[in-house]
Amino acid sequence: MILTFEDVVLSFSGVTALNGVSFEVGEGELFAVIGPNGAGKTSIFNVLSGVYRPEQGKVRFKAEEDEDVDLLGKRPSQIAKLGIARTFQNIELFSNLTVIDNLMLGRHHHHPYGVLQAFAWFGTARQNELTNRAKVEEIVDFLELEQWRRLPVGLLPYGVQKRVELGRALASEPRLLLLDEPVAGMNLEETEDMARFILDIRDELGLAMVMVEHDMGLVMDLADRIMVIDFGRPIRTGRPREVAADPDVIRAYLGEEHRITS
Ligand SMILES: Nc1ncnc2c1ncn2[C@@H]1O[C@H](COP(=O)(O)OP(=O)(O)OP(=O)(O)O)[C@@H](O)[C@H]1O
């Protein structure tokens with residue numbers, strides 16, 4: 001398992017956001033978390049990325065082969081360095097910088113040299129710069145961003161901006177990717193493109209992902225396993241068909257009219 005989330009409890013002055021949430025994510029697995037508004041999905045991401053510290057539970061991440069790290073108490077920057085990257089519900093890019101420059105910023109954990117060395121522009125600094133540029137070009141190819149590479153991100157269509165944000169997360173070469181509503185606000189074509197890229201990330205890069213998404217069709221089509229939460233508690237975790245057929249899930253969340261038969 002690359003991630004183990006065990007019996008996590010988190011509350012905010014009387015509101016219990018997570019009430020004993022446990023799940024595991026395997027290497028290369030696309031794991032989705034769904035649930036009604038306020039169920040606790042964003043709170044899970046905020047615990048995983050070090051923004052919130054739960055009062056109970058364990059969160060362990062396999063940062064390297066045979067190296068299990070306890071994530072609780074770590075700062076967001078430390079967690080990012082360990083290999084967990086995240087996209088956001090609202091695009092968080094520098095809109096006046098180009099696609100390439102935004103992707104280069106995603107490499108900032110890979111600049112292990114100081115300012116002086118960077119200015120002097122020799123040895124490892126130069127080598128690192130070349131490596132970073134090569135990695136960014138790979139991502140531009142992978143996410144089919146060539147035609148926009150030199151444009152400021154703020155000028156691009158919404159769906160492309162979301163793709164750049166995904167690229168920025170990939171640029172840090174994570175071992176685990178957290179996708180927070182990756183297709184929110186997208187039209188059908190943009191959604192289909194994003195779905196294809198998410199599948200490519202799993203199938204070609206072999207990257208494990210945790211995805212929170214309201215688009216039920218997308219979740220059912222893409223996820224290997226799904227956890228449904230309601231009021232901060234998991235109702236059911238399983239393969240899409242199992243989850244969609246679970247009477248508790250249907251009652252609590254999907255509603256009879258959303259019964260999924262695919
Ligand atoms: N910083 C906070 N302060 C107080 N209450 C919070 C905070 N963050 C989350 N909560 C509460 O915790 C519960 C879970 O919220 P969370 O945002 O995790 O749900 P969600 O499933 O992501 O919802 P949505 O689908 O609307 O994004 C809610 O009752 C919410 O009001």
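First listed ligand is number 1; within each ligand, the first listed atom is number 1.
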Under 4.0 Å to a heavy atom of V15 - the qualifying atoms of ligand 1, by number: 29 (O)
Just to check, does P36 reach to within less than 4.0 Å of ligand 1 when the distance is taken from its heavy atoms? yes
Among protein heavy atoms, which sits nearest to atom 19 (O) of ligand 1, and what does the distance come to when rounded to 0.1 Å? G40 N, 3.1 Å
Could you tell me whether some N/O pair between F12 and ligand 1 is separated by less than 3.5 angstrom? no
Atom 1 (N) of ligand 1: closest protein heavy atom, distance to 0.1 Å, is Y52 OH, 3.1 Å
Atom 12 (O) of ligand 1 [closest protein heavy-atom partner, distance rounded to 0.1 Å]: A17 CB, 3.3 Å
Less than 4.0 Å is my threshold; does some heavy atom of G35 fall inside it relative to ligand 1? no
among protein heavy atoms, the one nearest atom 24 (P) of ligand 1 is G38 N, 3.7 Å
With only distance considered, is A39 within less than 3.5 Å of ligand 1 through an N or O on each side? yes
Note the single closest protein heavy atom to atom 18 (O) of ligand 1, along with its residue, its atom name and the distance in Å. S43 OG, 2.6 Å
Please write down residue, atom name and distance for the protein heavy atom closest to atom 20 (P) of ligand 1. K41 N, 3.5 Å
Write out the residue and atom name of the closest protein heavy atom to atom 27 (O) of ligand 1, then the distance separating them to 0.1 Å. T42 OG1, 3.6 Å
